Amino acid sequence: MDTVGHWRKSSYSGSGDGDSCVEIAHGSVRMTIRDSKDPHRAALTFPVPAFASFVEALKKPGARP
């Protein structure tokens, strides 16, 4: 079983209390994502290569509003 590493907040977390975003944890073969406002609820897990492709797609022009 892949263990979840240290959780870290997105660099896009807003000012103030800074808890209105997502957190990610990097395991050896999976990336896990959770809602920072409710960290005890279910988290999403992705294979590292799939998550890396997702992040690269977000970096492309026009990917974000």
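Predicted model only: the values in this text are computed from it and were never measured.
Nearest approach of P39 to E23, heavy atoms of both residues: CB-OE1, 4.3 Å. The heavy-atom pair separating W7 from A43 by the smallest distance is CH2-CB, 4.5 Å. Listed here is the closest heavy atom pair of D35 and K37: OD1-N, 2.9 Å. Across all non-hydrogen atoms, the minimal contact from R30 to V48 is N-CG2, 3.6 Å.
With rounding to the nearest 0.5 Å, the separation of NE2 in H6 from NE2 in H26 is 14.0 Å. Interatomic distance, CD of E56 versus CZ of F51, reported as 11.0 Å (0.5 Å rounding).
With hydrogens and angles disregarded, a donor-acceptor distance shorter than 3.5 Å links the side chain of S36 to the backbone of C21.
Screening V29, T32, I33 for a side chain to side chain contact (heavy atoms under 4.5 Å, CB included) involving T45 leaves a single residue, T32.
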